[in-house]
Q: 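Before we start, here is the structure in question, set down as structure tokens.
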Amino acid sequence: MNENTLEEKIIQGKKNGMPMLLLTLLLYAAAIPGLIIGIIHLDDGTSTPLTITVFVISLTFIALGWLLFCGLKVLKPQEALVLTLFGKYTGTLKGDGFYFVNPFCSGVNPASHTKLSQSGDVKGIGGVSISDSSINVSPEVSSKKLSLKVMTLNNSRQKINDCLGNPVEIGIAVTWRIVDTAKAVFSVDNYKEFLSLQCDSALRNIVRIYPYDVAPGVDTTGDGLADEGSLRGSSEIVAAKIRDEIQARVAEAGLEIIEARITYLAYAPEIAAVMLQRQQASAIIDARKMIVDGAVGMVEMALERLNENHTVELDEERKAAMVSNLLVVLCGNHDAQPVVNSGSLY
């Protein structure tokens, strides 16, 4: 961790917004009559040092008193405001309430104009796309407050080669939240864009370890032994690895990754048809194997029953013909058309 990383400081005891608002309004209510009285005395030449002093104070407060309103801050539940004073980090306001702080303090949120494809972001009018990860820069002025709510990021689908080199399309949904406001604001340039890019990078690193479907001779755990891990069959394990990978990358930005889930998984369009034919061929072969195994068992059972009951005596040639006929009937794709022999078998 960088030694220059700022530690989050929570500002306590600043919920004085309502008293300061009422006091400012009362001072304005007193300054306006004081200004009027001072002007009247200056016009008729009956001014005294006291009236001049009241006039100057009233005029000064009316001209500069509005600065006190700049120190009033309102926060809703699960909101935070990072404050700086002339470029120096002074602390973070957390929790709902009406606060009063130094009027010269300003809120900082470098990601206030960045809109991700996620919950919690309000879509503005217009915006300029800056990447393929659903990041848009909105031109209108946004709030400097940071949301501490749990949000879900849905990055655009990516085309990635699996461990066998087959291109697959995959999309994930990442549930995240801010846990350290100082790191989120000052450790990275834009924590939303940083999170989105790290999600894409972590997804590529994990997906290339696994095949789309179970493949022989593939080691996905790194223990040197082949296993049955796959993107389609081990989605929970893959999602957990993606979550850990992202968390390791965004910890320095003060973000917590709660969960990562695979929302879309399919072969890329250019090989989808071929892979479908491959799956169909594999299914047909497996079905044929099952049919043949069952047919051979039925033929064996028929021959054993005929021998046990001595129903008919067959030589080896007739047994071979019977086996052939039974296998044709049992393994055929269509119903057999029986042929009745009314003559002798020999």
Side-chain angles (χ1 to χ4, degrees), residues 1-21 23-24 27 60-116 118 120-122 124 126-128 130-131 133 135-149 151 153 176-198 249-256:
M1 184 63 65
N2 189 354
E3 296 180 355
N4 297 325
T5 301
L6 294 176
E7 296 294 334
E8 183 183 55
K9 296 186 295 183
I10 306 300
I11 300 178
Q12 304 288 349
K14 293 293 183 178
K15 292 187 178 182
N16 303 318
M18 186 57 67
M20 286 302 302
L21 176 61
L23 177 61
T24 304
L27 291 175
T60 302
F61 183 80
I62 291 175
L64 301 178
W66 59 270
L67 290 174
L68 296 177
F69 291 111
C70 297
L72 299 175
K73 309 293 182 183
V74 179
L75 293 182
K76 300 176 184 177
Q78 294 298 314
E79 282 187 344
L81 184 63
V82 177
L83 298 175
T84 60
L85 180 62
F86 304 122
K88 182 180 180 181
Y89 173 58
T90 58
T92 301
L93 294 177
K94 274 188 176 182
D96 58 298
F98 194 10
Y99 296 86
F100 179 79
V101 296
N102 190 327
F104 294 100
C105 286
S106 59
V108 180
N109 183 6
S112 60
H113 298 286
T114 303
K115 178 171 64 67
L116 298 177
Q118 64 178 24
D121 283 329
V122 179
V128 179
I130 60 176
S131 76
S133 301
I135 303 177
N136 296 315
V137 177
S138 180
E140 64 272 4
V141 177
S142 302
S143 174
K144 296 299 183 180
K145 301 172 185 176
L146 279 72
S147 175
L148 304 180
K149 301 176 183 177
M151 291 181 284
L153 168 65
W176 66 284
R177 65 182 174 186
I178 298 175
V179 293
D180 192 309
T181 57
K183 290 181 180 179
V185 171
F186 299 112
S187 294
V188 294
D189 183 56
N190 186 320
Y191 65 88
K192 288 184 179 180
E193 182 181 352
F194 179 78
L195 171 64
S196 180
L197 295 177
Q198 294 304 324
R249 293 170 178 266
V250 302
E252 60 181 339
L255 306 180
E256 178 188 4

Q: Judged by atom type as modelled, is there a donor-acceptor pair below 3.5 Å linking the side chain of Asn109 to the main-chain atoms of Leu146?
A: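 No, Asn109 side chain to Leu146 backbone: no donor-acceptor pair under 3.5 Å.
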Q: Does the pair Phe186 and Thr84 meet the rule for a side-chain contact (heavy atoms from CB on, under 4.5 Å), with working shown?
A: CA-CA 11 Å; Phe186 299 112; Thr84 60; 3.8 Å; yes
Q: Give, for atom CD1 of Ile178 and atom NZ of Lys183, the distance between the pair rounded to the nearest 0.5 Å.
A: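 Between atom CD1 of Ile178 and atom NZ of Lys183 there are 13.0 Å.
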Q: Compare every heavy atom of Lys145 with every heavy atom of Val74, then report the nearest pair and how far apart it is.
A: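 That closest heavy-atom pairing would be O-NZ, 2.5 Å.
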Q: Would you indicate whether the side-chain heavy atoms of Val185 and Pro110 approach each other to under 4.5 Å?
A: yes
Q: Out of curiosity, Lys192 NZ to Leu255 CG, how far, rounded to the nearest 0.5 Å?
A: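 Those atoms lie 11.0 Å apart.
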Q: Looking only at non-hydrogen atoms, find the nearest pair between Thr90 and Cys105 and report the distance.
A: OG1-SG, 4.2 Å
Q: Any side-chain heavy atom of Trp66 sitting closer than 4.5 Å to one from Thr24?
A: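 Trp66 vs Thr24: side chains apart.
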Q: Minimum heavy-atom separation for Cys70 to Pro103, with atom names?
A: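 Between these two residues, the closest heavy atoms are CB-O, 3.8 Å.
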Q: Quick check: do Gln78 and Arg177 have side-chain heavy atoms less than 4.5 Å from each other?
A: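 They are not in contact (no side-chain heavy atoms under 4.5 Å apart), so the answer is no.
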Q: Ignoring hydrogens and angles, tell me if any N or O in the side chain of Lys73 forms a donor-acceptor pair with the backbone of Gly17 under 3.5 Å.
A: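 No, the answer is negative, given that no donor and acceptor are paired below the 3.5 Å cut-off.
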Q: Report the distance from atom CD1 of Ile10 to atom OG1 of Thr92, rounding to the nearest 0.5 Å.
A: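 Ile10 atom CD1 to Thr92 atom OG1 measures 5.5 Å (nearest 0.5 Å).
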Q: Locate the shortest heavy-atom distance separating Tyr99 from Lys15; write the atom from each residue and the value.
A: OH-CE, 3.3 Å
Q: Quick one, Asp189 and Phe194 - any side-chain contact, counting heavy atoms below 4.5 Å?
A: no
Q: Rounded to the nearest 0.5 Å, what's the gap from CG on Leu21 to CG on Leu72? Could you check?
A: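 The distance works out to 6.0 Å.
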Q: Look at the side chain of Tyr89 and the backbone N and O of Lys9, then say whether any donor-acceptor pair between them is shorter than 3.5 Å.
A: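 Side chain of Tyr89 to backbone of Lys9, a donor-acceptor pair under 3.5 Å: yes, one is there.
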Q: Do other residues, nucleotides or ligands put more than 12 heavy atoms under 6.0 Å from the CZ atom of Phe104?
A: no
Q: Residues in side chain to side chain donor-acceptor pair (under 3.5 Å) with Asn190, at least two apart?
A: Thr114
Q: Taking the side chain as every heavy atom from C-beta outward, state whether Leu148 and Thr181 have any pair of such atoms under 4.5 Å apart.
A: yes
Q: Is it the case that over 12 heavy atoms from other parts of the model lie below 6.0 angstrom from the NZ atom of Lys149?
A: no
